[in-house]
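Values below: every heavy atom of this structure, side chains too, minus hydrogens, waters and symmetry copies. Residues take their numbers from the sequence shown, with the count starting at 1.
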Amino acid sequence: MKIKVLIFNSQLTSDGISKMISNYNSSFSNKVDTELMTFIVKNSIYISGKKVTTHVIGSTKNIFKRAKREYEILKNNKYDVIHVNGDYISRIIECMVAKVCGVKKIIIHSHNDGVGSNKWYKVFLNHLLKKLFDYLATDYLACSKGAAEWLFSRKVVKSKKYEIIPNGIDVEKFKFQEHIRKNIRNQYQVDNQFVIGFVGRISYQKNPLFLLDILKECKKIKKDTQLMIIGTGDLEEKMKEKIKDYHLEKNVIMVGVVSDVYRYYNAMDLFLLPSRYEGLGIVNIESQASGLPTIVSTNVPKEANVSNLIQYIPLEKPASYWAKQIMKSKKVERKDAYQEVINHQYDINSATKKLEKIYFHK
């Protein structure tokens with residue numbers, strides 16, 4: 001028996017949810033026929049080299065126009081399952097449209113544990129309206145306990161009606177390879193320098209400006225410290241300004257968005273993620289799979305701890321404290337954590353089997 005699944009995310013870009021969707025799409029069995037629905041596409045998503053049918057709604061802020069377009073897509077295509085990914089209460093619209101269209105299985109999948117303190121009204125609305133999912137969704141998925149508590153009602157959380165789905169990665173790709181390390185370090189002329197890595201959106205959530213405060217302190221201890229940033233975002237210009245203010249032009253490598261990010265972990269000596277909030281932070285799983293010492297804020301869920309390579313530091317600690325801990329971690333030898341990642345079920349094959357089982361369950 002074959003099923004037709006519509007996977008929704010508000011955008012298909014280089015963010016963690018898009019990466020997760022791409023990973024799953026590449027690993028589904030031939031019993032699952034997937035299509036995508038989104039507002040914006042910046043990167044195409046492929047299955048085994050073939051482009052997936054993608055329904056692009058456009059970035060309209062008019063809720064009624066959006067709902068009308070979604071209704072047309074769902075009504076014309078007869079899906080067995082809709083898998084709605086998100087981190088905010090506005091995903092109720094997709095669930096409502098699916099309910100009206102008679103989709104039998106409506107999955108809401110939470111990927112974050114907040115929206116940031118600068119969005120207090122969103123926090124209020126989320127708390128006020130999240131109970132509506134109780135009447136719309138048939139299944140509740142989350143990447144961590146914190147993500148479930150953020151988006152789902154107390155009733156769903158207390159009854160443990162939700163299921164934790166690991167954000168699976170192709171673990172084999174992230175295994176450390178010395179020859180790739182040498183090639184990339186040679187390309188960026190950092191052969192003998194200490195390279196701190198960051199992968200993610202340059203946005204409020206990821207706290208990217210604090211990275212530069214930490215780098216500034218690291219330089220006081222070890223002058224040849226480099227910061228390699230992979231990603232882009234709305235704070236990129238502010239980051240470039242701060243790099244100039246701190247005279248760090250020779251110490252920051254802004255790589256941008258790359259399709260082969262797994263190669264770049266090889267070039268790093270340590271991975272750093274001082275996030276303000278996280279549902280999981282799939283990049284932490286990737287960094288550990290690559291054997292990298294990984295330092296994160298205490299806002300990163302404990303579910304991200306899949307090896308003894310990870311260290312948690314409160315954001316209340318000053319940049320100088322972070323820098324000292326980084327220099328201590330510099331002495332940690334790179335190790336193969338490949339099997340540990342698999343044991344925690346973060347490899348894409350076991351994660352896909354788990355998700356497919358949910359799709360087919362009636």
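For Val190, the side chain to side chain contact (heavy atoms under 4.5 Å, CB included) partners are Arg185, Tyr188, Gln193, Val195, Gln226, Ile253, not counting sequence neighbours. Looking at residues two or more places apart in sequence or on another chain, you find a side chain to side chain contact (heavy atoms under 4.5 Å, CB included) between Arg201 and Asp15, Ser203, Gln205, Lys206. A search for salt bridge (charged side-chain N to carboxylate O under 4.0 Å, His left out) contacts involving Asp80 returns nothing, not counting sequence neighbours. Annotation: side chain to side chain contact (heavy atoms under 4.5 Å, CB included) contacts of Lys219 (sequence neighbours excluded): Leu248, Asn251. Under the salt bridge (charged side-chain N to carboxylate O under 4.0 Å, His left out) criterion, Lys131 pairs with Asp134, sequence neighbours left out. A search for salt bridge (charged side-chain N to carboxylate O under 4.0 Å, His left out) contacts involving Lys145 returns Glu149, not counting sequence neighbours. By the ring pair (Phe, Tyr, Trp, His ring centres under 6.0 Å) test, Tyr79 pairs with no residue at all, sequence neighbours left out. For the side chain to side chain contact (heavy atoms under 4.5 Å, CB included) test, residues two or more places apart in sequence or in another chain that qualify with Ala147 are Ser110, Ala142, Cys143, Ser144. Partners of His83 under the ring pair (Phe, Tyr, Trp, His ring centres under 6.0 Å) rule, at least two apart in sequence or in another chain, are His109, Tyr359. With sequence neighbours excluded, no residue forms a ring pair (Phe, Tyr, Trp, His ring centres under 6.0 Å) with Phe194. Annotation: ring pair (Phe, Tyr, Trp, His ring centres under 6.0 Å) contacts of Phe152 (sequence neighbours excluded): Tyr140.
With a 6.0 Å cutoff to the six-membered ring centre and a 45° limit on the axis angle, Lys302 counts as a cation-pi contact of Tyr312.
Counting only distance, with no hydrogens or angles, the side chain of Glu94 and the backbone of Phe8 share no donor-acceptor pair below 3.5 Å. Of the possible donor and acceptor atoms, none in the side chain of Thr232 sits under 3.5 Å from a partner among the backbone N and O of Gly256. Side-chain atoms of Asn77 come within 3.5 Å of backbone atoms of Ile73 as a donor-acceptor pair (strictly under, hydrogens ignored). Under the 3.5 Å distance criterion, the side-chain polar atoms of Asp191 are matched with a main-chain donor or acceptor of Asn186. No donor-acceptor pair closer than 3.5 Å links the side chain of Asp260 to the backbone N or O of Arg263.
A side-chain N or O of Asp213 and one of Tyr246 form a donor-acceptor pair less than 3.5 Å apart. Side chains of Thr294 and Asn284: no donor on one and acceptor on the other come within 3.5 Å. A donor-acceptor pair shorter than 3.5 Å cannot be found between the side chains of Ser297 and Arg276.
If you chain together hydrophobic residues whose side chains sit under 4.5 Å apart, Tyr346 and Ile164 never meet in one group. Note on Met20 and Val32: same hydrophobic cluster, where clusters join Ile, Leu, Val, Met, Phe, Trp and Tyr whose side-chain heavy atoms are under 4.5 Å apart, directly or indirectly. Phe176 and Met268 are members of different hydrophobic clusters when ILVMFWY side chains are connected at heavy-atom separations under 4.5 Å. Under the 4.5 Å side-chain heavy-atom criterion for Ile, Leu, Val, Met, Phe, Trp and Tyr, Val257 and Phe174 are members of distinct hydrophobic clusters. Under a hydrophobic clustering in which Ile, Leu, Val, Met, Phe, Trp and Tyr are joined whenever their side-chain heavy atoms come within less than 4.5 Å, directly or via other members, Tyr277 and Leu211 fall into different clusters.
Side-chain rings of Tyr264 and Phe198 stay apart, their centers remaining 6.0 Å or farther from each other. Taking the ring centroids of Phe210 and Trp322, they lie under the 6.0 Å cut-off.
Val100 and Tyr71 make their closest contact through CG1-CE1, 3.9 Å (heavy atoms, listed as atom of the first residue, atom of the second, distance). Of all the heavy atoms in Ala323 and Ile214, the pair that sits closest is CB-O, 4.1 Å. Contact record, Thr352 with Ser27: OG1-CB, 3.4 Å, taken as the closest heavy-atom pair. Between Ser329 and Gln311, the shortest heavy-atom distance links the atoms OG-OE1, 3.5 Å.
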Using the side chain to side chain donor-acceptor pair (under 3.5 Å) rule, take Ser290 and Arg334 through it: C-alpha gap first, then chi angles, then the decisive distance, then the call.
-> CA-CA 8 Å; Ser290 188; Arg334 194 159 196 155; 2.9 Å; yes
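With salt bridges taken as basic N to acidic carboxylate O contacts below 4.0 Å, none links Lys357 and Glu163. A salt bridge links Lys220 to Glu217: at least one charged side-chain nitrogen sits closer than 4.0 Å to a carboxylate oxygen.
Sorted by first and then second residue, the pairs that involve residues 335-345 and meet side chain to side chain donor-acceptor pair (under 3.5 Å), not counting sequence neighbours, are Glu172-Tyr338, Asn308-Lys335, Lys335-Glu340, Gln339-Asn343.
For the atom pair Asn23 CG and Asp347 CG, the distance stands at 11.0 Å (nearest 0.5 Å).
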